[in-house]
Chemist: 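One structure, pasted below without further comment.
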Amino acid sequence: MISIALLSRPGLMDPMKALLARELPGVTVSSWPEPATREAELAVCWKPEPGALAAMPKLKLIHSIAAGVDNILSDPTLPDVPLCRIVDPDITSAMTEFVLWATLYFHRDFDRVISNARDGLWRRYDQYAAKDRRVGILGLGALGTDAALRLVDLGFAVSAWSRSPKQLAGVTTFSGADALDAFLSETDILVSLLPLTPSTVGLLDAARLSRLPKGAALILCSRGEHVVTDDLVGLLRSGHLRGAVLDVFEQEPLPSDHPLWREPGVLVTPHMAAIASWETITLQVADNARRLLRGEPLLNTVDRARGY
Ligand code: NDP
Ligand code: OXD
């Protein structure tokens, strides 16, 4: 039976040990930096220490416990073995719920009335029909596609931007770097569901965010590194942007004294848009472990050259 190493901060993945033993009878599970991890054929990772995977000479497969793999690909010594990630309908639904909630938060002025309620201020705002609100989604993959379709169901004017051309019923699609400015200029509520890669890091800087129409809002569900925080804060303070729901940050957990917690117009959520259960993660890891042992195609492999 296969030998699996868990690589993360101490204790994080402990719940997987019993679940992996249930799914893969006879499996050996060790946690980095135990010496037994050197014998592992499969590594299950969240933010593995750079160099740790290179010290596993028998490694045949690296498995992320998350949808995003930037925290693994950032290791310059990463061994050249397949890398798989988590893709799951429950995670997709959870992300869509979060995107719908955050879209409605701005669309129906909850950002303003929650703040007004703290001051006992009774104030109503002009209402807009969903069809008159343009929601733009960066990234039209597993998560962006579902969120876009559900927003269409609610009647929003939905557009999306991806690397390669795509067609999706009811969605105006844009692709490639040359189309980004046009996409942004027609977006009232911008939702980021991009992977973090060398092409997308720092994408939302002052120049790009300024392309959004005055009064636009940002919903950041992807990675903190997609946004240049000082540029975002500058555009919020100048009044060009209305607000931002930020679920992801360069540093997580976001320190309690970080100014973003208290920045007017910003709502911080704790990387909770879509959280995979240990059961879901284990079932996908175990499925790929069996496939590896049987020499069958792996599921949800990452294109390492593209970075996602
Ligand atoms: P996918 O890999 O399925 O989709 C990625 C999408 O981004 C694709 O449409 C791809 O285009 C597009 N894309 C990638 N690079 C570029 C680029 N340079 N220019 C334009 N478009 C680009 O990812 P998922 O939908 O599964 O997940 C997206 C991200 O969401 C994850 O990487 C992770 O960072 C984040 N996430 C956050 C969670 C949270 O709780 N906050 C939970 C889960 C994920 P194309 O279709 O042409 O390939
Ligand atoms: C992620 C995840 O990639 O939680 O952020 O899956």
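Computed from a predicted structure; not experimentally measured. In each ligand, atom 1 is the first atom listed, and ligand 1 is the first ligand listed.
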Chemist: Judged on heavy-atom distance to atom 13 (N) of ligand 1, which of Asp88, Leu194, Asp303 sits nearest?
Modeler: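 Looking at heavy atoms only, the winner is Leu194.
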
Chemist: Identify, by atom number and element, the atoms of ligand 2 in contact range of Gly68, meaning under 4.0 Å from any of its heavy atoms.
Modeler: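 Answer for ligand 2: 1 (C), 3 (O).
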
Chemist: What about Val191 and Leu196, same hydrophobic cluster or not, with Ile/Leu/Val/Met/Phe/Trp/Tyr joined at side-chain heavy-atom distances under 4.5 Å?
Modeler: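 Hydrophobic grouping puts Val191 apart from Leu196.
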
Chemist: Under 4.0 Å, heavy-atom basis, I'd like to know which part of Arg163 is in contact with ligand 1: side chain, backbone, both or neither.
Modeler: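 Near ligand 1, Arg163 shows its backbone as well as its side chain.
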
Chemist: Do Leu193 and Leu190 share a hydrophobic cluster, counting only Ile, Leu, Val, Met, Phe, Trp and Tyr and linking them when any side-chain heavy atoms are less than 4.5 Å apart?
Modeler: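 Leu193 and Leu190: separate clusters.
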
Chemist: Of all heavy-atom pairs between His107 and Tyr128, which one has the smallest distance, and what is that distance?
Modeler: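 Looking at all heavy atoms of both residues, the shortest contact is CE1-O, 3.0 Å.
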
Chemist: Is Ser164 in polar range of ligand 1, meaning some N or O pair under 3.5 Å apart?
Modeler: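 By distance alone, the answer is yes.
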
Chemist: Using a strict cut-off of 4.0 Å, indicate which atoms of ligand 2 neighbour a heavy atom of Ala66.
Modeler: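 Close to Ala66: 1 (C), 2 (C), 3 (O), 6 (O).
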
Chemist: At the 4.0 Å heavy-atom cut-off, does Asp247 count as touching ligand 1?
Modeler: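 The answer is yes, since Asp247 has a heavy atom less than 4.0 Å from ligand 1.
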
Chemist: With respect to atom 15 (N) of ligand 1, which of Phe98, Trp161, Tyr308 exhibits the smallest heavy-atom separation?
Modeler: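 Looking at heavy atoms only, the winner is Tyr308.
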
Chemist: Can you check which of Gly307, Ala179, Ala276, Ala274 brings a heavy atom nearest to atom 40 (O) of ligand 1?
Modeler: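 Residue with the shortest heavy-atom distance to the ligand atom: Ala274.
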
Chemist: Where does Thr200 meet ligand 1, judged by heavy-atom distances below 4.0 Å: at the side chain, the backbone, both, or neither?
Modeler: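 It is the side chain that touches ligand 1; the backbone stays farther off.
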
Chemist: Does ligand 2 have any atom sitting under 4.0 Å from a heavy atom of His271?
Modeler: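 Flag set, His271 near ligand 2.
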
Chemist: If we only consider heavy atoms of Val87, is any one of them less than 4.0 Å away from an atom in ligand 1?
Modeler: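 It does not; every heavy atom stays at 4.0 Å or beyond.
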
Chemist: Run the ring-ring contact (aromatic ring centres under 6.0 Å, His included) check on His258 and Phe249 step by step: do they pass?
Modeler: CA-CA 11 Å; His258 197 287; Phe249 304 88; 7.4 Å; no

Chemist: Report the part of Ala274 in contact with ligand 2, treating N, CA, C, O as backbone and CB onward as side chain, heavy atoms under 4.0 Å; options are side chain, backbone, both, neither.
Modeler: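 For Ala274, the contact with ligand 2 is made by the backbone alone.
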
Chemist: Counting only heavy atoms, tell me which of Ser199, Pro195, Gly141 gets closest to atom 7 (O) of ligand 1.
Modeler: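 Answer by nearest heavy atom: Pro195.
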
Chemist: For Ala52 versus Trp32, what's the shortest heavy-atom pair and its separation?
Modeler: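 So the two residues come closest at CB-NE1, 3.5 Å.
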
Chemist: Can you pull out the closest protein heavy atom to atom 46 (O) of ligand 1? Residue, atom name and distance to 0.1 Å, please.
Modeler: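 The protein heavy atom lying closest is Lys166 NZ, 2.4 Å.
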
Chemist: Is the closest N or O pair between Leu193 and ligand 1 shorter than 3.5 Å?
Modeler: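 No: no nitrogen or oxygen of Leu193 is under 3.5 Å from one in ligand 1.
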
Chemist: Run the side-chain contact (heavy atoms from CB on, under 4.5 Å) check on Asp188 and Leu212 step by step: do they pass?
Modeler: CA-CA 7 Å; Asp188 302 315; Leu212 293 166; over 6 Å; no

Chemist: I need the atoms of ligand 2 closer than 4.0 Å to a non-hydrogen atom of Arg223, numbered in the order shown.
Modeler: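 Ligand 2 atoms under the 4.0 Å threshold to Arg223: 1 (C), 3 (O), 5 (O).
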
Chemist: Tell me which part of Leu143 gets within contact of ligand 1: side chain, backbone, both or neither, using heavy atoms under 4.0 Å.
Modeler: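 The answer is both.
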
Chemist: Just let me know how Val248 lines up against ligand 1, side chain, backbone, both or neither, with a heavy-atom cut-off below 4.0 Å.
Modeler: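 For Val248, only side-chain atoms sit under 4.0 Å from ligand 1.
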
